[in-house]
Q: 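Take this structure, written in structure tokens, and hold onto it; I'll ask about it next.
Fair warning: this is a prediction, and the values are worked out from it, not measured in the lab. Numbers here simply count residues along the sequence, with the first being 1. As a basis for the values below, the full set of heavy atoms in this structure was taken, side chains included, without hydrogen atoms, waters or symmetry mates. All ligand and atom numbering here is 1-based and tracks the order in the structure.
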Amino acid sequence: MALYVYKFGGTSVGSVERIKAVAEKVKIAQDLGDQIIVVLSAMSGETNRLIALAKEMQSQPSDREMDVLISTGEQVTVALLSMALHELGCAAVSYTGAQVRILTDSAYTKARIRDIDDVKIRADLDSGKVVVVAGFQGVDENGNITTLGRGGSDTTAVALAAALKADECHIYTDVDGVYTTDPRVEPKARRLAQITFEEMLEMASLGSKVLQIRSVEFAGKYNVALRVLSSFKAGCGTLITYEESQMESALISGIAFNRDEAKLTITGVPDLPGIAFKILGPVADANIEVDMIVQNIADDATTDFTFTVHRNDYDCAKAILEGTCIELGARKVTGDNTIVKVSIVGVGMRSHAGIASTMFKTLAAEGINIRMIATSEIKISVVVDEKYMELAVRALHAAFELDKVTQEG
Ligand code: ADP
Ligand code: ASP
Ligand code: MG
């Protein structure tokens, strides 16, 4: 008898009919004799609707109250699925994160799971029930409801699979696997039969929202067999694995992009030890995450310093930097919140030279100006103007022949 964790995303539970369809699917699996834990998201659009409601009350609502509010979306779907299963004659029980006791830290809206109490779930599974758990949420040690960040139901599913040593964790969504890039931007994108944890982690952290970053971290750390599949059509999806693909010719595996970027530059900064800290320290103190950083030496003993932040933090970071500019006697602060980051990812980069130059040549041929570059062992990211995003993704997809990826599985 195998134990599976099935997670269904917002679109997959977006209506009464779709919840009924999920129930049918779960019942078939249970009838085969397997033990099933189901993790659900809220109905599609529901979390956004709740956030918008909160903003009507207060421009900056308290994070604690936000979590009490936005965790409710998942409570609705788990109860409805449990009812749908009962209707099919299938024993099932639903739990919120707090009822299971998915213990998290107290970082409201971005909490991390510390521990999962498996006693109740085990007892229910052993008595033949399907266990339906609300994704995206937990409880801190003081009994406060917490949420795990947008897309956090993926992490609930993988964490449950790790805690209960499930045989596989299936993430059912509205695409039938992980693609070479977001198929909404490049219709020629191809499904990958498999992708390594390392590559998936880069793709997720560089903007591919098909899996939440933390779910991939968790799966890698606890060696959870993780598969992304379609809720709507049969197929074997994409396996996230430690094995590198047999396709030796693959230079890169995928293209990720992030529209939420903004960049800030401070010029004419006296080039002295400690300057990076003086610039970025106050930004970090305001809880603003900095992504790419570039420092250039000018020849007059000054330096120019550019970094990127999330677009939501742009105004705040700019105001802080303007203060720093006066304090340091720097020349000026400029910024741009209409930029995006496009990245190519692949373990193939380790063994192939010339990938960066192919990337830059391709963008140049399209007349796309590169504003910043960052590299690591298995990725190259560029910052470009947002109007070029789709063009950059499609041109790179063609240049690296990702439309020719063969689907093995
Ligand atoms: P769910 O609600 O099921 O969690 P998400 O919207 O969070 O679904 O994730 C699925 C979406 O991720 C797809 O509809 C697709 O547009 C997007 N996506 C981004 N990058 C990729 C990629 N490389 N492969 C597949 N889907 C991707
Ligand atoms: N409902 C949450 C969100 O929209 C969590 C999830 O869907 O994974 O972000
Ligand atoms: Mg998601």
Q: Please say whether Gly151 places an N or O atom under 3.5 Å from an N or O atom belonging to ligand 2.
A: yes
Q: What protein heavy atom is closest to atom 25 (C) of ligand 1, reported as residue, atom name and distance in Å?
A: Gly177 O, 3.4 Å
Q: Please confirm whether Lys7 comes under 4.0 Å of ligand 1, counting heavy atoms of the residue only.
A: yes
Q: With a cut-off of 4.0 Å, which atoms of ligand 1 are near a heavy atom of Val178?
A: 24 (N)
Q: For ligand 2, which atoms, with element, lie under 4.0 Å from some heavy atom of Ser41?
A: 6 (C), 7 (O), 8 (O)
Q: Does the N or O separation between Asp174 and ligand 1 drop below 3.5 Å for any pair?
A: yes
Q: Say whether, by atom type as modelled, one donor and one acceptor occur between the side chain of Gln212 and the main chain of Leu148 under 3.5 angstrom.
A: yes
Q: For Arg112, does the CZ atom sit with more than 12 other heavy atoms under 6.0 Å from it, leaving out its own atoms?
A: no
Q: At less than 4.0 angstrom from any non-hydrogen atom of Arg150, what atoms of ligand 2 do you find?
A: 3 (C), 4 (O), 9 (O)
Q: Can you tell whether the side chains of Glu261 and Arg371 come within less than 4.0 Å, N to carboxylate O?
A: no
Q: Please report which non-hydrogen protein atom sits nearest to atom 14 (O) of ligand 1, along with the residue it belongs to and the distance in Å to one decimal place.
A: Arg184 NH2, 2.6 Å
Q: Tell me, which protein residue and heavy-atom name are nearest atom 7 (O) of ligand 1, and how many Å apart are they?
A: Lys209 O, 3.5 Å
Q: Please state which protein non-hydrogen atom is closest to atom 24 (N) of ligand 1 and give its distance, to 0.1 Å?
A: Tyr179 N, 2.8 Å
Q: Could you establish whether Gly152 and ligand 2 come within less than 4.0 Å of each other, counting only heavy atoms on the residue side?
A: yes
Q: May I ask whether Glu74 has any heavy atom positioned less than 4.0 angstrom from an atom of ligand 2?
A: yes
Q: May I ask you to identify the nearest protein heavy atom to atom 3 (O) of ligand 1, giving residue, atom name and distance to one decimal place in Å?
A: Thr173 OG1, 2.6 Å
Q: Donor-acceptor pairs are to be reported for all side-chain atoms of residues 74-84 against protein atoms at under 3.5 Å, with residues two or more places apart or in another chain.
A:
| from | atom 1 | to | atom 2 | distance (Å) |
| --- | --- | --- | --- | --- |
| Glu74 | OE2 | Ala42 | N | 2.9 |
| Thr77 | OG1 | Ser41 | O | 2.8 |
| Thr77 | OG1 | Glu74 | O | 3.2 |

Q: Tell me the protein heavy atom at minimum distance from atom 21 (C) of ligand 1, and give that distance in Å.
A: Asp182 CA, 3.7 Å
Q: Can you list the residues that meet the side-chain hydrogen bond (donor to acceptor under 3.5 Å, both in side chains) rule with Arg150, with sequence neighbours excluded?
A: Asn48
Q: What protein heavy atom sits nearest atom 27 (C) of ligand 1, and how far off is it?
A: Val210 CB, 3.7 Å
Q: Going by the angle between their ring planes, with limits at 30° and 60°, are Tyr4 and His170 parallel, tilted or perpendicular?
A: tilted
Q: Is the shortest side-chain N to carboxylate O distance from Asp105 to Arg114 below 4.0 Å?
A: no
Q: Check each heavy atom of Thr181 against ligand 1 and say whether those closer than 4.0 Å belong to the side chain, the backbone, both or neither.
A: backbone
Q: Just by distance, do the side chain of Thr238 and the backbone of Val178 share a donor-acceptor pair under 3.5 Å?
A: yes
Q: Flag Gly10 as yes when one of its N or O atoms lies below 3.5 Å from any N or O atom of ligand 1, and as no otherwise.
A: yes
Q: Taking Glu386 first and then Arg259, would you say they form a salt bridge - that is, a charged N and a carboxylate O separated by under 4.0 Å?
A: no
Q: Please report the C-alpha distance between Glu24 and Lys20 in whole Å, then the side-chain angles of each, then the deciding distance to 0.1 Å, and finally whether the salt bridge (Lys or Arg N to Asp or Glu O under 4.0 Å) criterion is met.
A: CA-CA 6 Å; Glu24 301 272 359; Lys20 286 183 179 170; over 6 Å; no
Q: Any atoms of ligand 1 less than 4.0 Å from a non-hydrogen atom of Val175? List them with their elements.
A: 13 (C), 25 (C), 26 (N)
Q: Just wondering, do Thr155 and Lys7 contact through their side chains at under 4.5 Å, heavy atoms?
A: no
